[in-house]
Amino acid sequence: KRKRGRERERKIKRGEREREKEKQTRARERKKEIRKGEYFRKGKKMGKKGKGAKGKGKAEETKAPRGRAAKRQEEAEIAAENKEKEALSAAVGTFVGDDYDLSGQGWPGYVLLKGQSYHGVGKRRAPKRDIHIDHVYLTVPGKVLLKPETKFKAISGRKYGIIGRNGLGKSVLMTRLSRREEPFQNVPEHITIVHVEQEIQGDDRTPLGAVLQSNREREWLLGMERKFEVAETDESLMTELEALDFDLVDIHDRLREIESHKAESKASRILYGLGFDEKEFRTKKTREFSGGWRMRIALACALFGEPDLLILDEPTNHLDLEACIWLENYLSTWKKSLLLVSHDRDFVNGTVDNIIHLHNQTLTYYKGDFESFMKIRGTRQRELSNKRDAQLRKRKKDEKFVRENRTSNQAKKAKAVKARMAKEEIVEEDTDDPSLVFSFPPPSKMGETAVISIKDVSFHYPGKDNIFNNLELAIYMDSRIGCVGPNGAGKSTLLKLIDGQLTASKGEILQKDHLIVARFHQHHVDQLTMDETPLEYFQSKFDGSPHELRSHLARFGVRGDLALQRISSLSGGQKSRVAFAELAYLRPHVILFDEPTNHMDMQSIDSLVDGIAKFEGAVVVISHNQHIIEAATNELWVVSKTGKVKRYNGDFAEYKDEIIESFDDDLLAAAGTIAEEEEKVGDDDDVDYT
């Protein structure tokens, strides 16, 4: 038996040696091929195959220059290349500049000429738009965000949603990627990346003009078209343009492919979908818009420009619910790559087809939408938990065996078991980070009749037209109301009327005796006393012992040293926790939420939804977050700009479908005259693409 075992070991070793030898041989051959390729790329030539002579069929190689001769030849080649680049850059002027690509195709990488396409069969394929980074070591001062072995990929045409708790590095990752900073400095330059992270600079352009200028390819093509037109009367310029790898026919072909003559219609539809009035985006200057509306213009520019990789970090923060629904519908048909971070799970679920989970300082990739990710990860977590439990049970049994047989006749086996245990690794559980818990204390009983009655109410600010006309509404203790409508319709004004901050111009708003109404609004955080700690702030507002107040703050995640730091030093999410804790301490019967999800991640929003579900009082919610409206409410109030507030007869899914249909109808009507012009020139070869 031992002899057969030794023979088997010798065969295994012999096979390993042979495989290693073959591997080394292949490596040497590969090196020879690489050196040969480099040799010929540097300008060396091969002679023709000889016949009937010594060395028959072999290539005759010219001797490569060495030393100073090789250096002079290399310098001459670089000088010739620079001269050619300068000549071509001068020929195309400011419309091309440094974007002109001399490495192969002869025009910018973001322009597709001569039948190029991203995925077309039988056409010239454009340069690849995929991004692969094998080692993404991401850090900020004092903190590692991603481990060195982390891999990042963004495949052209795929839409990725990045999921992870706040503070783990999602925004840092996207900012570094868009700026091609470490560790993304090797992302190919021909890949266009647009990161919507700040509002557009206000100037004298209209929103429509700014959007039309944001498409780099179209602007380059129109610029080259103007160059060719000027060259008709400039012989020297025409000579320079004739040296290019393309001509005016190629420019016109590409303009026709991208439907440049429909650009204004497309830009108008995007702006209209994001909430702009047609008259405003055609006549009003961008500098006359507020920061939030200029952020929408920046988003419109990114959508119209169609970059290879579009990066959106919380794009819904500056949008109303209707614009969020339109954007979700628009991105669902996006053809290029998308990298999205959003705290709205419904928005993510309706937009992306891949999930990147940032957890434990690494990135894990999942195919499918957000719901698929949740199912797959839940299954994986259960499998890992079961495997870990089995390992722990077996280890407990082995430890008992080792203890009981340390000095018995099975001591040798016990020693072997102990050695095996030392080598075994226990599987780590893939658990979620602990989430914030929202707990609103139960209010006193108020009966089953309406606690707030709005009777024949009209309202207007001094010297202004009516915002509301003859409202008839009621709120009960079991009400779960979602307040929806476009920005500027008066949703926040309605909540101010309900909580008594504003007085009705006509009619009356009746509240039951001893009713407590609390309102959390989007600027509530800014009204906290910034130079106080959360504990000091609570002591100045409420009667209660320090222990009682700290216990209440701890229930909303403001625990330990966090309660003793100045509010000004807290993050946006931590300040929101203080504001929620203040609201809950009042023990209200009715809670009015005005955009409560700002600064929250998905897990915190889920916790808020659970808290609202368990709350025994009434709730009215204004939010651009579709998930909280759908999950936390069972009644919709639709606020319109005509001064009416109507109860919607249906659920949120039906309302969402209705909004999408109305957008389609309104967009067609708004762009009707442009569409007519498009039909006239759609098949005409003589089109004015400007």
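The chain is numbered in sequence order, starting from 1.
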Requested in this report: Begin from the C-alpha positions of Glu219 and Arg216 and carry the test salt bridge (charged side-chain N to carboxylate O under 4.0 Å, His left out) through to its verdict.
Outcome: CA-CA 5 Å; Glu219 285 297 296; Arg216 293 176 68 192; over 6 Å; no

Query raised in the report: Looking only at heavy atoms, what is the nearest atom pair of Ile567 and Lys575, with distance?
Result: O-CE, 3.1 Å

Query raised in the report: Distance-only, no hydrogens or angles: does the Thr150 side chain make a donor-acceptor pair with backbone N or O of Leu146 under 3.5 Å?
Result: no

Requested in this report: Keeping to residues at least two apart or across chains, list the ring-ring contact (aromatic ring centres under 6.0 Å, His included) pairs with something in residues 147-167.
Outcome: Phe152-Phe184

**Report entry** Residues Asp130 and Ser156: side-chain donor-acceptor under 3.5 angstrom
**Finding:** no

Query raised in the report: With a 4.5 Å limit on heavy-atom distance, are the side chains of Arg176 and Glu182 in contact?
Result: no

Query raised in the report: Within a strict 4.5 Å, meaning less than it, do heavy atoms of the Ile355 and Val348 side chains meet?
Result: yes

In residues 626-633, what donor-acceptor pairs under 3.5 Å come from side-chain atoms, sequence neighbours left out?
unit_1	atom_1	unit_2	atom_2	d
Gln626	OE1	Lys656	NZ	2.8
Gln626	NE2	Glu328	OE1	2.9
His627	NE2	Asp606	OD1	3.3
Thr633	OG1	Ile629	O	2.3

**Report entry** Passing candidate, salt bridge (charged side-chain N to carboxylate O under 4.0 Å, His left out) with Asp204, options Lys284, Lys285, Arg287
**Finding:** Arg287

Query - Passing option when Pro315 is tested against Leu327, Leu331, Val196 for side chain to side chain contact (heavy atoms under 4.5 Å, CB included) - result: Leu327

Query raised in the report: Heavy-atom distance under 4.5 Å between the side chains of Ile133 and Lys153, does that happen here?
Result: no

Requested in this report: For salt bridge (charged side-chain N to carboxylate O under 4.0 Å, His left out), just list the numbers for Arg165 and Asp601, CA-CA rounded to whole Å, side-chain angles, deciding distance to a tenth of an Å, and then say yes or no.
Outcome: CA-CA 6 Å; Arg165 297 299 302 268; Asp601 52 29; 2.8 Å; yes

Requested in this report: Compute whether any side-chain donor of one residue and acceptor of the other, for Glu595 and His624, lie under 3.5 angstrom apart.
Outcome: yes

Report task. Answer with yes or no after comparing the ring centroid distance for Phe276 and Trp293 against a 6.0 Å cut-off, counting only values under it. Result -> yes

Query raised in the report: Is it true that a side-chain atom of Asp369 and a backbone atom of Val352 form a donor plus acceptor pair closer than 3.5 Å?
Result: no

Query raised in the report: Thr597 versus His343: any side-chain heavy-atom pair under 4.5 Å?
Result: yes

Report task. Might you work through the side chain to side chain contact (heavy atoms under 4.5 Å, CB included) test for Asn354 and Phe373, ending with a clear yes or no? Result -> CA-CA 8 Å; Asn354 282 262; Phe373 157 73; over 6 Å; no

Requested in this report: Look only at the side chain of Ser260 and the backbone of Leu255, and say whether a donor-acceptor pair between them is shorter than 3.5 Å.
Outcome: no

Query raised in the report: Looking only at side chains, do Asp203 and Thr286 share a donor and an acceptor under 3.5 Å apart?
Result: yes

Query raised in the report: Can any side-chain N or O of Ser569 pair as donor or acceptor with the backbone N or O of Arg566 at less than 3.5 Å?
Result: yes

Requested in this report: Keeping the roles fixed (side chain from Arg180, backbone from Pro188), state whether a donor-acceptor pair exists under 3.5 Å.
Outcome: yes

Query raised in the report: Is there a donor-acceptor pair closer than 3.5 Å between any side-chain N or O of Lys491 and the backbone N or O of Gly485?
Result: yes

Report summary line: In short, Ala302 meets Pro307 closest at the heavy-atom pair O-CD, 3.3 Å

Requested in this report: Report yes if some heavy atom in the side chain of Ile297 is under 4.5 Å from a heavy atom in the side chain of Phe289; otherwise report no.
Outcome: yes

Query raised in the report: Counting heavy atoms not belonging to Glu288, are there more than 12 under 6.0 Å from its CD?
Result: yes

Report task. Check the pair Trp326, Ile660 against side chain to side chain contact (heavy atoms under 4.5 Å, CB included), reporting the backbone distance first and the verdict last. Result -> CA-CA 6 Å; Trp326 176 87; Ile660 294 172; over 6 Å; no

Query raised in the report: Is the backbone of Phe370 close enough, under 3.5 Å, to the side chain of Asn349 for a donor and an acceptor to pair up by distance?
Result: yes

**Report entry** Any side-chain heavy-atom pair of Leu363 and His357 under 4.5 Å
**Finding:** no

Query raised in the report: With distance as the sole test, does Thr351 use its side chain to make a donor-acceptor pair with the main-chain N or O of Phe347 at under 3.5 Å?
Result: yes

Query raised in the report: Can you name the closest pair of heavy atoms from Thr206 and Arg282 and give their distance?
Result: CG2-O, 3.4 Å

Requested in this report: Could you check Val187 against Leu309 for side chain to side chain contact (heavy atoms under 4.5 Å, CB included), going step by step and ending with a plain yes or no?
Outcome: CA-CA 12 Å; Val187 173; Leu309 176 60; over 6 Å; no

Requested in this report: Please determine if Asp308 and Arg129 form a salt bridge, counting it only when a charged side-chain N lies under 4.0 Å from a carboxylate O.
Outcome: yes

Query raised in the report: Any side-chain heavy atom of Ile659 sitting closer than 4.5 Å to one from Tyr655?
Result: yes

Query raised in the report: Are a donor atom and an acceptor atom from the side chains of Ser265 and Arg269 found within less than 3.5 Å of each other?
Result: yes

Query raised in the report: Hey, are Gln213 and Arg205 close enough side-chain-wise for a donor-acceptor pair under 3.5 Å?
Result: yes

Query raised in the report: Hey, does the side chain of Lys151 reach the backbone of Asp134 with a donor-acceptor pair shorter than 3.5 angstrom?
Result: no

Query raised in the report: Can you list the residues that meet the side-chain hydrogen bond (donor to acceptor under 3.5 Å, both in side chains) rule with Gln361, with sequence neighbours excluded?
Result: none

Query raised in the report: When you measure from the side chain of Asp320 to the backbone N and O of Asn487, does any donor-acceptor pair fall under 3.5 Å?
Result: yes

Query raised in the report: Does a side-chain heavy-atom distance below 4.5 Å link Phe438 with Phe580?
Result: yes

